[in-house]
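In what follows, a single structure is set out as structure tokens and then discussed.
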Amino acid sequence: MALVVTGSMKLLRKLFDRSRIPHALVMPLQCLFLLFVSLAPLAVAQQVSFRITLLRPVEELRAEALKSKPPAEEGTFRSPDLVELVKLDPTIKLDVRYATTNNFLGTPVYTQARAFLERPAAQALVLANHQLRDQGYGLIIHDGYRPWYVTKIFWDATPDDKKKFVANPAEGSKHNRGCAVDLSLYDLKTGEEVQMPSGYDEMTDRAYADYPGGTPDERARRALLREAMEKQGFKVIPDEWWHFDYKDWKLYPIINVKFEDLGQ
């Protein structure tokens, strides 16, 4: 908000320095202008992650989750072949929020800031990244493969009215299969993540893949990301513009291997 007010003050000075408004009215109008700015919803994507009110402390939930086991699955699956994304393409950027406090839980869940996918999904992601480079953008990854125990932490920490935004550990997540990725775009010229209609992991209707709000530029970038990903076999989920599932996710089992056990 401080950044917004600072920018607004600059605009305000320009407006009133050039106007012919009577001096007695300048101060009241300035106050009204700043009040409007402070109350108006921000049009930019969040830089700080959306936060929930935890049902229980994460460390308590982590201890329970690490002792639990993923659901038993029937059928034949491919052997997991998780690939670290930046090793396939160093131009892919990482902003792994769950290794920091800047996530919806407000505390680190991963011990390492790394991102993996099953090899076919990872190779498809690299192709999408190359396609986007021709349009001035690169991919920035917030999450890829997610150990099952982390999915259980998310579920057990999240209030019921927000549970549609997290996977049920009784069924497992496509992230647990190494076939889902959370990502956005960064500008190749600035290296900065672009603005979208919502922030990452924002549990509101602004996060919906077809949310009609936001600015035209934000919606255009969201559409560009979706087009590039869908061309390579990924599909966006309706509730989260940043979450894409790879087409062959059913062929892989739920995995519960920690990042530190995946080697360097």
Side-chain angles (χ1 to χ4, degrees), residues 65-66 68-99 109-133 138-155 166-185 200-201 209 225-264:
L66 287 171
S68 301
K69 293 184 178 181
E73 297 186 280
E74 296 182 357
T76 302
F77 299 98
R78 290 180 180 174
S79 297
D81 184 17
L82 293 171
V83 179
E84 194 158 6
L85 298 179
V86 294
K87 291 182 178 179
L88 276 187
D89 185 349
T91 69
I92 292 174
K93 280 181 171 273
L94 296 183
D95 179 17
V96 182
R97 301 281 183 89
Y98 301 135
V109 185
Y110 295 158
T111 57
Q112 299 176 346
R114 304 169 74 187
F116 303 82
L117 286 177
E118 295 290 355
R119 188 173 297 275
Q123 292 170 336
L125 189 77
V126 168
L127 292 176
N129 188 50
H130 289 174
Q131 175 186 335
L132 287 162
R133 291 185 70 82
L139 292 176
I140 183 166
I141 310 299
H142 295 307
D143 199 23
Y145 159 67
R146 181 183 302 160
W148 176 85
Y149 80 91
V150 175
T151 294
K152 180 167 174 56
I153 292 173
F154 288 175
W155 181 263
V166 293
N168 188 337
E171 302 170 358
S173 162
K174 298 176 183 68
H175 279 290
N176 303 153
R177 302 176 190 274
C179 288
V181 62
D182 296 345
L183 77 176
S184 188
L185 300 174
Y200 169 59
D201 261 357
L225 174 64
R226 181 172 178 174
E227 178 184 5
M229 293 294 288
E230 290 184 344
K231 185 176 181 180
Q232 301 303 331
F234 290 88
K235 184 177 181 180
V236 73
I237 67 171
D239 294 340
E240 300 173 346
W241 61 261
W242 58 82
H243 178 124
F244 290 84
D245 296 325
Y246 189 60
K247 61 182 180 179
D248 292 336
W249 65 268
K250 291 182 180 180
L251 302 179
Y252 292 91
I254 293 172
I255 311 170
N256 196 28
V257 179
K258 298 177 185 177
F259 285 2
E260 51 266 44
D261 294 331
L262 288 172
Q264 298 295 328

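Of the residues listed (D248, L251, I254, I255), the one engaging R177 in a side-chain contact (heavy atoms from CB on, under 4.5 Å) is I254, and it is the only one. Of the candidates L85, D81, I141, L88, L117 forms a side-chain contact (heavy atoms from CB on, under 4.5 Å) with just one, namely L85. If you run ring-ring contact (aromatic ring centres under 6.0 Å, His included) between F234 and each of F244, W249, Y246, only Y246 comes through.
Judged purely by atom type and a 3.5 angstrom limit, E230 has no side-chain atom pairing as donor or acceptor with the backbone of K235. Within the 3.5 Å criterion, the main-chain N or O of T111 finds no donor-acceptor partner in the side chain of E260.
In this structure the side chain of M229 reaches within 4.5 angstrom of the side chain of L125, judged on heavy atoms. A heavy-atom distance below 4.5 Å is not found between the side chains of E84 and L262. Put simply, the side chain of Y110 reaches to within 4.5 Å of the side chain of R146, judged on heavy atoms. Residues L82 and E118 form a side-chain contact, since some pair of their non-hydrogen atoms from C-beta on lies under 4.5 Å apart.
Considering every non-hydrogen atom in both P71 and P169, the closest pair reads CD-O, 3.4 Å. Smallest separation of non-hydrogen atoms from K258 and P147: CA-CG, 4.3 Å. G178 approaches A121 most closely through the heavy-atom pair O-CB, 4.4 Å. L225 approaches L183 most closely through the heavy-atom pair CD2-O, 3.9 Å. Taking every heavy atom of both residues into account, P253 and R78 meet most closely at CD-O, 3.4 Å. Closest of all the heavy-atom pairs between A115 and L94 is CB-CD2, 3.8 Å.
To the nearest 0.5 Å, the span separating CD on Q232 from NZ on K247 amounts to 9.0 Å. Rounding to the nearest 0.5 Å gives a distance of 9.5 Å between NE2 of H130 and CG of L139. Distance NZ/K87 to CZ/R114: 6.0 Å, rounded to 0.5 Å. Going from atom OH of Y98 over to atom CG of D95 covers 11.0 Å, rounded to the nearest 0.5 Å.
With a 6.0 Å radius and a threshold of 12 heavy atoms from other residues, nucleotides or ligands, Q123 has its CD atom above the threshold.
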(request) Could you check L127 against K231 for side-chain contact (heavy atoms from CB on, under 4.5 Å), going step by step and ending with a plain yes or no? (result) CA-CA 9 Å; L127 292 176; K231 185 176 181 180; over 6 Å; no

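Residues satisfying the side-chain hydrogen bond (donor to acceptor under 3.5 Å, both in side chains) test with T151, not counting sequence neighbours, are N176. Remark: D245 pairs with H243 by the side-chain hydrogen bond (donor to acceptor under 3.5 Å, both in side chains) rule, at least two apart or across chains. Under the side-chain hydrogen bond (donor to acceptor under 3.5 Å, both in side chains) criterion, Y149 pairs with no residue at all, not counting sequence neighbours. Residues passing the ring pair (Phe, Tyr, Trp, His ring centres under 6.0 Å) test with Y252: none are found, sequence neighbours excluded. With sequence neighbours excluded, the residues satisfying ring pair (Phe, Tyr, Trp, His ring centres under 6.0 Å) with F116 are F259. In this structure, W148 has no side-chain hydrogen bond (donor to acceptor under 3.5 Å, both in side chains) partners at least two apart in sequence or on a different chain.
Ion pairing between D89 and R133 fails under the 4.0 Å rule for side-chain N and carboxylate O.
Under 3.5 Å, the side chains of Y200 and D143 contain no donor-acceptor pair of N or O atoms.
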